[in-house]
Participant: 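Quick one: the structure is below, questions incoming.
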Amino acid sequence: MPKAYKQLREITTRLERHYKDVQDFEFTIQDERLFMLQTRSGKRTGYAAVVIATDFVRRSWSRRRRPSSGRSRIAESVARARIRSR
């Protein structure tokens with residue numbers, strides 16, 4: 001199982017860097033082999049979006065090539081949180 005876990009961490013890190021966003025992963029391990037089923041952008045509250053975005057910037061996952069994409073995801077999450085709280 002340690003080999004599958006190491007492989008899972010490598011793949012999830014690569015995918016989060018590629019999508020420049022936190023990901024929700026589905027996977028299974030059978031006979032000590034890792035199978036990635038799917039990934040999608042993770043859902044989060046407005047507060048969590050800010051924490052994750054600052055973490056991404058601190059880890060240099062967010063590049064200056066697309067500066068508005070992170071901000072728009074944060075704004076969208078904050079707007080959704082405000083709508084839900086009403």
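Numbering starts at 1 and runs along the sequence shown.
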Participant: If you round to the nearest 0.5 Å, how far is CE of M36 from CD1 of I29?
Facilitator: 10.0 Å

Participant: Are T39 and Y19 side-chain neighbours, meaning at least one heavy-atom pair lies under 4.5 Å?
Facilitator: yes

Participant: Between R40 (side chain) and Q38 (backbone), is there a donor-acceptor pair under 3.5 Å?
Facilitator: no

Participant: Are there over 12 heavy-atom neighbours, none belonging to F27, within less than 6.0 Å of that residue's CZ?
Facilitator: no

Participant: Do V22 and D55 touch side chain to side chain, with heavy atoms closer than 4.5 Å?
Facilitator: no

Participant: Would you say the side-chain atoms of Q23 pair up with the backbone N or O of E16, donor to acceptor, closer than 3.5 Å?
Facilitator: no

Participant: Could I get the full list of side-chain contact (heavy atoms from CB on, under 4.5 Å) partners for E32, not counting sequence neighbours?
Facilitator: none

Participant: Once you round to the nearest 0.5 Å, how far does CZ of R17 lie from OG1 of T12?
Facilitator: 10.0 Å

Participant: Please list, one pair per line, the donor and acceptor atoms closer than 3.5 Å that link side chains of residues 3-10 to other protein atoms, with sequence neighbours excluded.
Facilitator:
none

